[in-house]
Amino acid sequence: MGTAVKPGLGKYRVIVIAVALFLVVDLGVLILNFFTSYEISQDAISINMAGRQRMLSQRMTKALLAIQTDSLQGTPVDASRAELKKTVTLFDSTLKGFNVGGSVMGSNEQPVALNAVSSAEGLKIIAASDAIWQPYYQVLQPLLSSSDFLPEQLAAAVSFARANNVALLGQMNNLTNDLEQIASAKAKRLRLVQTIGIGLALLNFGFILFKFIRSLRRSDELVEQAQQETGEILATVKEGLFLLDEQFRIGNQFSTSMSAILRREIAAGASFFEILGDISSPETLTSAREYVSLLFGNRVKESLIVSLNPLSEVEVQMTDNRGNKDARYLSFQFNRVLLRNEISHLLVTVQDVTERVHLVTELAMLKGQSKVELDFLAKIISIDRNKLQQFLAQMEAGLTRINNALQLASDNSGTEYHAIIGKILRETHTLKGDSAALELNSCESFTHVFEQELIRIRELPRIQGSDMVGLIVRLDEFFERIHQVRQIIASIGAMQPATVISTTSASEMLVRDMRSLAQRIASDQHKQVQLEVDMAALDKLPDHMVNELRQVTIQLLRNAISHGIELPDERMARNKPAAGAISLVCKETQKDQIEWCLRDDGRGLDPGRIRQALLASGRYDAAQVAAMDDRSVVMKVFDAGFTTVDVAHRDAGHGIGLDLLHEKIRALGGRLHIKTRVNNFTEFSMHFALGHQAGYA
C-alpha cells in the first residue's frame, strides 16, 4: 500500500520564497522611502526657517533704523515698533526651535513643527548665533516693552545691531548651508536605497520570469509598457509650467513654482519677454524673440528648429533677498498647442538646472560626438587622397590668413574692424564652399557657425576688440580639427599596403563634386535640378586657376539653385519643367582664351526685386535707387553684405558670395559678362586671357 503525499508548498516553495523576499525588500524600501522622505520634508521646513532667519535679521535692523529716524523727526514710532516686535518674536522663537525643537510660526502664518538641530556643525552654529542673539535680545527689550524708551536705549540697540547684524546674518547663512548639505545627503541616501531596492526587485523578478513563467509572453509587453509610462511621467514632471499666447503673454494658469524659479511674483497676462529681459542678456532676449516667433509661424516645422532653442540652457542673473546678483541656469522648453490645426499657444516648461547643466552639456556632447566622428571618418576614407590633401592644405592656408587678420586686429587698437570682418567673411565663405563640395558636413557646419558669428559681429554698429575674442577660440578649435584629420589620414596610410594613385582628372573630380553639391542644395530647398557639364578645356588650365574657378563655380551654383531655380510648383505654373536646368561649360574659344559659363533657366535677375531689396537694406534712399538704370541696379548684387533673400540659410542670404566672386575673378584677370531675362534665365560667363586686366561688363 503506497504512502500518501501530504499537500504543501512543494514545487511552489521557490516562487513563494521569491515573492516573499520581493515583498520584504519592497516593504523595506517603502518604509525607508517614507522615513527618509519625511526627514527630507522636515529638513525642507528647517531650511525654509533658516532662510527666513536671514531675512528677519535684516528686517530687525531696518526696523531699528526706522525707529531711530522717526524718533529724530518726532514722528510716531508705533508702526516701526510693531514691525520690530514681530520680527524679534519670530527670530527668537525660531532660534529656540532650532535649539530645542518645537512649534514655530511658519511662513504662511500657520504653526509648523521645527526639529532641533542635531549635527555637530549645526550645534556650533546655533551656539554661536545664541551668543550673539541673547545680548542683542536683551538690549532690544526696552524698545519692545514700552514706547517710552530712552534715547540712550535706542542708541544702544542700534549700535549693537550695526556691530553684530552681519555676524548674525553670517551664522544664519552657515546654518542654511549646513541644513542644505544634510538634506542633500539624505536625498542621495534615498536615491541609493531606491536604486538598490529596484535592483533587487528586478533581479528577483528576472529569476521568477526565467524559472517559472517563461510562457507568459505578455510579461515583456507589460514591462515595456511600464517603462514607457515611467518615461512619460519623468518627461512631463517639470518645475514650472505655463501657456504663452501670440502676444507673448503668460496665460491665466501656471504652476505655483514659477515664482520660486524666477524669484518674482508672476501675474496672469504678464509679458514673458519683460520677465526674461530682466534676468538675461540682450543677445539672449533677441534670440528668444526670434525663436518664439518662428514657433508661432506655420511655415516652419517644429521638429526642424527644436535644436535652435536659445533657452534650452540659458544663464540668467537673478537678485537674492540682499540685492546681490546670483547666476543661475534655467531651461525653457517650448511646444506648440494646436486648436483645430492652428497654433493657439505655446506650452512652456521651465526648470532650474544649475546643479546639472555642466554634466548634461558634457553628456550631450559625448552622445552626439561618436556618430559625428564616424560619419566624418567614413567620408574622409571615401575621398581621393590627393584631393583630400589639397583640401587640407587650402583649408590650413585659409585659416592661417584668418588668424593673421585677427592677430592684426588685436595688435592695433585703432583698426577698422568692419573691413577685417569683411575680409575674414570672404575667406570663411570660400572654406565653407570647399567643405560643401567635398560633402564634409562637419567642416561645413563649423565654417557655417563661424560665418554666422562673423555676420552677427558685422551687423554691430560699433565693433570692439573684445567682440573678436570668441573668433580666436573657435579658430583654434578648427586648427585642432584639421590636425586630427591629418592624423587620421596618416593612420589610414600606415595600414594600407601600398599607395593607391588616383587616375581621376581634375575635370572629372570637379564634375562629380558639383553634381553632388547641386543635388544636396536642391534637396535641402525641396527643388529639382538637372546639371549639364562640359569641361572640355578644364584640364588645360594650371592648377591654381582650376582651384580658383572651382570656388567661383561653387558660389555660382549655390546662387543659381538658391536664388534662380524655382520650386517645382512655381516652375510648372510658368510652363517650365519641374526640374531646373543648369549648364556649366569650360571651353577654349581661341588660343589662350578660356570661357567659363554657368547658366540656369530660373527666375532671372529682376531689377524691380533688387530695387526693393536695396531700399529695405537701408543702403540707399528712394531717390538714389530711382536714379539708377536697370544695369546699375543689377550690378549691386556684387555689393558686400547685400542679398535679396528674406531668410538666410547655409547656402545663401548672407551677402558674401557674389562679393567673393567679384574678388576671385579680379584675381584671375578675367572679365565677367551677365545676361539675364526675368522668369527666363541668368547666365554668368567669364573670359580669361593671360596678361589681361580684370574687368566687368
Side-chain angles (χ1 to χ4, degrees), residues 282-283 286-287 289-290 293 402 405 409 414-430 432-433 448 450-464 467-468 471 551-552 555-556 558-564 602-667 671-679 682 684 694-697:
E283 293 80 8
T286 300
S287 300
R289 283 185 181 275
E290 294 174 351
S293 298
I402 293 174
T415 301
E416 175 51 52
Y417 291 118
H418 278 95
I420 293 177
I421 289 294
K423 179 180 179 181
I424 297 175
L425 260 174
R426 290 191 292 272
E427 195 73 57
T428 303
H429 201 70
T430 298
K432 177 180 170 182
H448 180 67
F450 192 71
E451 184 180 73
Q452 292 296 104
E453 179 65 12
L454 288 167
I455 292 172
R456 184 192 68 79
I457 296 175
R458 183 185 66 181
E459 300 304 321
L460 295 175
R462 183 174 180 270
I463 303 175
Q464 300 179 350
D467 297 319
M468 315 282 277
L471 299 177
Q551 295 174 3
V552 168
Q555 186 55 51
L556 286 179
R558 276 177 156 170
N559 279 14
I561 300 174
S562 300
H563 296 271
R603 297 188 181 92
L605 295 174
D606 185 352
R609 184 182 179 191
I610 298 174
R611 290 178 190 274
Q612 292 177 357
L614 288 172
L615 289 173
S617 70
R619 295 165 176 256
Y620 304 93
D621 57 31
Q624 291 173 316
V625 173
M628 301 180 191
D629 57 24
D630 286 350
R631 182 181 183 280
S632 299
V633 168
V634 169
M635 295 306 293
K636 292 299 179 183
V637 299
F638 292 98
D639 284 3
F642 175 73
T643 181
T644 59
V645 174
D646 295 329
V647 179
H649 49 83
R650 65 170 173 169
D651 292 306
H654 304 298
I656 307 170
L658 290 181
D659 174 39
L660 178 63
L661 175 70
H662 187 284
E663 185 177 290
K664 294 290 184 185
I665 297 175
R666 177 184 298 167
R671 293 182 60 83
L672 172 65
H673 297 268
I674 303 175
K675 297 179 182 178
T676 185
R677 185 181 301 164
V678 177
N679 296 328
T682 299
F684 288 85
Y696 299 87

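Since the structure is predicted, the reported quantities are computational estimates derived from the model, not experimental observations.
The shortest heavy-atom contact between T676 and G604 is OG1-CA, 3.4 Å. Annotation for L615 and Y620: closest pair CD2-O, 3.8 Å, computed over non-hydrogen atoms.
Here the CZ atom belonging to R619 is positioned 12.5 Å from the CD atom belonging to Q624, to the nearest 0.5 angstrom. Distance check: I610 CD1 to K636 NZ gives 11.5 Å after rounding to the nearest 0.5 Å. M635 contributes atom CE, which lies 9.0 Å from atom OG of S632 (distance to the nearest 0.5 angstrom).
Under the side-chain contact (heavy atoms from CB on, under 4.5 Å) test applied with V634, the options T682, L605, D606, D629 reduce to a single match, L605. F684 pairs in a side-chain contact (heavy atoms from CB on, under 4.5 Å) with only one of the listed residues (I665, V552, I674), which is I674.
With R611 contributing its side chain and V633 its backbone, the two residues share no donor-acceptor pair below 3.5 Å.
Shown here is R677, whose CZ atom has no more than 12 heavy atoms of other residues, nucleotides or ligands within 6.0 Å.
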